[in-house]
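Nothing here was measured: the structure is a model prediction, and the numbers come from that model. A, B, ... follow the sequence lines: proteins, then strands. Residue 1 opens every chain.
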Protein chains: 2
Amino acid sequence: MAMRAQRIGKANPAEDEAVYQAILRALLEGKLKAGTKLAETPLADIFGVSRERIRKVLHRLGAERRLEMIPNRGARVPRPTLDDVRRVYEAHRVLEAGVLSQLVLRVDDLLLARLDAHLAEERAAAQRGDRATSVRLSGAFHVHLVEALGNPELSRMLGDLLSRSSVMVSVYEPAAQSICAVDEHGAIVAALRDRDLLRAIAVSREHFLHVEGRLRLDEHGASESENLAAIFAPVKPLRRKARSAQS
Amino acid sequence: MAMRAQRIGKANPAEDEAVYQAILRALLEGKLKAGTKLAETPLADIFGVSRERIRKVLHRLGAERRLEMIPNRGARVPRPTLDDVRRVYEAHRVLEAGVLSQLVLRVDDLLLARLDAHLAEERAAAQRGDRATSVRLSGAFHVHLVEALGNPELSRMLGDLLSRSSVMVSVYEPAAQSICAVDEHGAIVAALRDRDLLRAIAVSREHFLHVEGRLRLDEHGASESENLAAIFAPVKPLRRKARSAQS
DNA sequence: GCCGTGCCAAATGTGCACATTTTTATTTTT
DNA sequence: AAAAATAAAAATGTGCACATTTGGCACGGC
């Protein structure tokens with residue numbers, strides 16, 4: 001019994017984060033198609049970490065409602081119903097209405113200036129046809145609104161909602177028109193400048209309904225995304241235990 | 001080696017739930033004082049389950065922001081700052097404003113009748129001095145409002161917020177006056193009946209500010225709650241491995 | 001007398017070896 | 001031959017044995 005100094009218990013929280021971020025990123029970028037099964041053992045091989053670590057990350061993502069966990073059957077990328085998407089959008093709409101109701105009470109020139117600056121950025125990106133930036137800035141507008149309240153609770157809520165709708169967008173939304181119209185954002189700021197809560201809420205509501213209206217109505221049965229190894233390829237294996245599971 | 005048929009791997013999800021509910025309940029009922037450390041091994045002994053099971057539950061509660069998890073140092077009952085409490089209340093206020101903005105667009109007689117019935121219950125409980133029921137119904141009012149929208153996302157958000165503020169209430173709120181005034185709830189319903197969004201939001205806002213205003217301003221250093229075994233005593237041990245850890 | 005240093009006990013984190021459940025493939029029966 | 005039944009294979013869930021880290025305490029130095 002030669003005291004096999006096992007290499008267990010490394011206590012490396014960075015590894016957890018790395019795996020978590022990698023899967024989350026793939027999820028947010030839409031690289032993982034809806035309905036794909038995320039088995040523990042293959043992922044452990046791909047990332048070169050123990051299965052328990054994968055398991056922990058998967059359960060965490062499940063708790064955040066970003067993965068669908070079925071007891072004894074593992075984790076799957078959720079396949080949201082059109083109704084699910086609508087509910088998330090509605091929640092976003094409701095939350096923003098609340099944010100606006102609080103915001104009209106404390107608008108100041110500084111905030112308005114910041115929002116105007118953001119609108120200018122959005123317009124610039126739209127004019128030069130930079131669609132990627134447009135999409136990013138379009139989402140950032142709503143983040144700006146909620147962060148103006150300086151309440152981490154609310155910011156986190158909206159963040160969760162946004163990340164989830166981002167994933168859903170990749171399923172149901174036509175890629176071309178997925179950006180919010182800059183005019184509508186401008187209208188919200190204008191209403192805010194006038195301290196007109198009812199108009200702000202109405203405009204915001206219209207805005208979200210527009211986005212919702214663009215959702216594709218057909219539920220195309222998202223196919224399983226094969227070869228997971230390729231999806232996580234850009235991420236360097238943390239340990240060199242991973243072998244290419246090429247078929 | 002007589003094939004020690006180990007009793008591991010029982011795959012009993014009910015046990016998880018039981019432990020989770022027990023701790024959550026103690027948390028919500030304020031039996032666990034803020035700052036109390038929840039070590040894994042003692043809890044495992046108390047509940048008569050394995051440490052891993054406790055660990056899983058503790059991490060889940062941490063993910064739900066109901067416990068404060070410190071790496072390598074375990075779980076503690078959070079000791080919220082007064083600012084923390086205010087932020088949760090503000091989030092609740094903002095969310096309800098959004099709910100109301102959506103609700104005025106779809107109020108019908110059925111909803112109003114239900115709310116009236118609830119108000120009647122509240123008044124009855126208040127008149128007969130049933131404080132426990134009053135507190136419960138008072139929270140249920142806000143739940144009714146959000147559930148009227150029929151959106152599970154929003155309901156879950158409010159549920160999280162409510163449960164957290166419930167815990168905080170036990171720290172900062174004077175026990176006697178912690179109930180919402182029925183009149184204020186009635187005023188919200190009245191504004192809803194008139195489809196007057198601005199008034200509904202204003203009344204709701206006032207209502208929450210009243211509750212916030214009653215918070216105790218002194219941060220009393222909540223002492224550690226000793227003898228955990230007694231706190232979880234009403235819960236029957238799941239296995240008979242627990243011995244009374246009386247000092 | 002007080003602070004820095006090093007050891008000891010306790011609590012948390014992790015990998016592994018199983019048990020259990022699910023899924024798939026094969027066989028048998030009507 | 002199709003469907004039900006059965007067995008094998010794979011994947012998930014769990015307890016346990018460690019390793020690692022943390023906190024306290026004694027000892028010694030300034």
Note, B:Arg76 side chain near B:Leu67 side chain (heavy atom, < 4.5 Å): no
A:Asp160: partners by side-chain hydrogen bond (donor to acceptor under 3.5 Å, both in side chains), with sequence neighbours left out: none
Counterpart residues, side-chain hydrogen bond (donor to acceptor under 3.5 Å, both in side chains), relative to A:Arg66 (two or more places apart):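 A:Arg66 satisfies side-chain hydrogen bond (donor to acceptor under 3.5 Å, both in side chains) with A:Glu64, A:Ser163 only.
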5′-ward residue of the pair A:Glu52/B:His59 relative to DNA chain C: B:His59
Within the 6.0 Å centroid threshold, strictly below: B:His59 and A:His59: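 No, they do not, as the ring centres are separated by 6.0 Å or more.
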A:Phe208 and A:His142 aromatic ring geometry - parallel, tilted or perpendicular at 30°/60° bounds: tilted
Polar pairs (N or O, both sides) under 3.5 Å between protein and nucleotides 6-12 of chain D?
unit_1, atom_1, unit_2, atom_2, d
D:dT12, OP1, A:Glu40, N, 3.4
D:dT12, OP2, A:Glu40, N, 3.2

Under the salt bridge (charged side-chain N to carboxylate O under 4.0 Å, His left out) test, residues paired with B:Arg25 that sit two or more places apart: B:Glu29
End axis versus end axis in the helix from C:dG1-D:dC30 to C:dT30-D:dA1, the angle rounded to 10°, five pairs used at each terminus: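 End-to-end axis angle: 10°.
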Whole-Å gap separating P (D:dG13) and CD (B:Glu15):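 Distance, rounded to whole Å: 15 Å.
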Euclidean distance, atom CZ of residue B:Arg53 to atom C1' of C:dA19 [Å, nearest integer]: 13 Å
Could you list the protein-to-nucleotides 8-10 of chain C atom pairs, N/O on both sides, closer than 3.5 Å?
none

Test log, rule side chain to side chain donor-acceptor pair (under 3.5 Å), inputs A:Glu96 and A:Ser204: CA-CA 8 Å; A:Glu96 181 153 307; A:Ser204 168; 3.2 Å; yes
Indicate yes or no for a side-chain donor-acceptor contact from [X] to the backbone of [Y] under 3.5 Å, with no hydrogens or angles considered.
X: B:Ser101; Y: B:Gly98; value: yes
X: A:Lys37; Y: A:Arg73; value: yes
X: A:Arg65; Y: A:Ala63; value: yes

